[in-house]
Amino acid sequence: MQWTLVVPVKPLARAKSRLSDTADDAVRPDLALAFALDTVAAALACPAVADVAVVTDDPRAGRELAALGAGIVADEPGGGLNAALAHAATAVRAARPGTVVAALNADLPALRPAELTRVLNAAAQFPRSFLPDAAGIGTTLLAAAPGVGLRPVFGPDSRRAHRTSGAVELRLTAVDSVRQDVDTGADLRAALALGVGPRTAAAAARLLIAEQ
């Protein structure tokens, strides 16, 4: 079974505002893009993934992610994250009926293809399932079997929201790289400890140099 992953990337100028404790306004767009590039590169290297559809209206992000091999879907209907993900999942299935689809966060810079494979293989056992983030509050991946609506409810306490919506919580160990999203400076340090992709490593190095 090969999956299509839907990855949302918001306009870079507005991305990662909670990283203001670590990176200023001039640096955060580059960090956010580095996270997305490393996430998508790792996802495309995963044997369980057929393709990646990035949902974005940011020209720079769209251009650089397309260069990696991702497809780009316009952020429609402009109704926020969940509406964008639902639209993208519908667009993907219109082109490829019967596709298994998963929404994946764009801020997983330590993502490992082997760990993502484990998560997707586990998700394939259920009509609809999700993986909670490292903090145990949010969600980093939401999966839906063929013929099952994605029905995303990302936002505050999305772990509870997805569980309440009927999605099965995937309780896996040794998949830290799929759970470690980055919203704060502490999250970034945790991702760096796991080992991030080359673009995030370079952006983080520039950040550390700027702080000295």
Side-chain angles (χ1 to χ4, degrees), residues 1-11 14-15 35-36 39-40 42-44 46 48-58 61 65 70-108 111 115-172 175 177-183:
M1 181 180 291
Q2 285 199 307
W3 296 74
T4 292
L5 302 187
V6 178
V7 178
V9 177
K10 68 168 56 176
R14 296 192 285 107
F35 297 163
T39 299
V40 169
L44 287 169
C46 175
V49 173
D51 53 10
V52 174
V54 173
V55 189
T56 189
D57 279 340
D58 188 284
L65 288 160
I72 306 300
V73 179
D75 185 357
E76 298 176 0
L81 174 60
N82 291 314
L85 288 172
H87 163 74
T90 299
V92 163
R93 284 176 164 168
R96 293 174 55 196
T99 298
V100 280
V101 175
L104 181 73
N105 287 12
D107 57 351
L108 301 169
L111 186 63
E115 293 184 13
L116 179 58
T117 296
R118 286 193 62 223
V119 174
L120 293 173
N121 287 345
Q125 308 305 310
F126 305 100
R128 190 162 158 270
S129 58
F130 73 97
L131 185 73
D133 66 6
I137 298 171
T139 302
T140 58
L141 180 142
L142 172 68
V148 178
L150 190 62
R151 292 167 51 207
V153 281
F154 287 89
D157 202 359
S158 66
R159 179 186 188 181
R160 178 179 297 184
H162 282 126
R163 192 163 48 200
T164 300
S165 75
V168 174
E169 180 172 331
L170 300 174
R171 301 177 182 273
L172 301 173
V175 292
S177 76
V178 197
R179 299 185 64 199
Q180 187 57 67
D181 55 355
V182 177
D183 287 318

So how far is it from [X] [atom1] to [Y] [atom2], rounded to the nearest 0.5 Å?
X      : Y      : atom1 : atom2 : value
Thr99  : Trp3   : OG1   : CH2   : 11.0 Å
Ser158 : Leu81  : OG    : CG    : 9.5 Å
Glu115 : Gln180 : CD    : CD    : 11.5 Å

Give a yes or no on whether the backbone of [Y] and the side-chain of [X] come within a donor-acceptor separation of less than 3.5 Å.
X      : Y      : result
Asp157 : Ala161 : no
Thr56  : Asp58  : yes
Asp75  : Asp57  : no
Asn82  : Phe154 : yes
Arg179 : Pro132 : yes
Asp133 : Ala135 : yes

Q. Which residue pairs pass the ring pair (Phe, Tyr, Trp, His ring centres under 6.0 Å) test with at least one member in residues 79-99, sequence neighbours excluded?
A.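 Every pair satisfying ring pair (Phe, Tyr, Trp, His ring centres under 6.0 Å) with a residue in residues 79-99: there are none.
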Of all heavy-atom pairs between [X] and [Y], which one has the smallest distance, and what is that distance?
X      : Y      : result
Ala88  : Val6   : CB-CG1, 3.5 Å
Ala84  : Val55  : CB-CG1, 3.9 Å
Ala106 : Thr39  : O-OG1, 3.2 Å
Ala43  : Leu5   : CB-CD1, 3.7 Å
Leu170 : Ala123 : CD1-CB, 4.0 Å
Phe126 : Ala145 : O-CB, 4.0 Å

So, do [X] and [Y] sit near enough that their side-chain heavy atoms are less than 4.5 Å apart?
X      : Y      : answer
Gln125 : Val168 : no
Leu104 : Val52  : no
Val119 : Leu172 : yes
Leu111 : Val178 : yes
Leu116 : Leu108 : no
Thr139 : Val153 : no

**Q.** Partners passing ring-ring contact (aromatic ring centres under 6.0 Å, His included) against Phe130 (at least two apart in sequence or in another chain)
**A.**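 Applying ring-ring contact (aromatic ring centres under 6.0 Å, His included) to Phe130 gives His162.
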Q.
Applying side-chain contact (heavy atoms from CB on, under 4.5 Å) to Val100 and Leu120, what does each step give before you reach the verdict?
A. CA-CA 10 Å; Val100 280; Leu120 293 173; over 6 Å; no
Q. Quick check: are there more than 12 heavy atoms from other residues, nucleotides or ligands sitting under 6.0 Å from CZ of Arg128?
A.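 More than 12 within 6.0 Å, yes.
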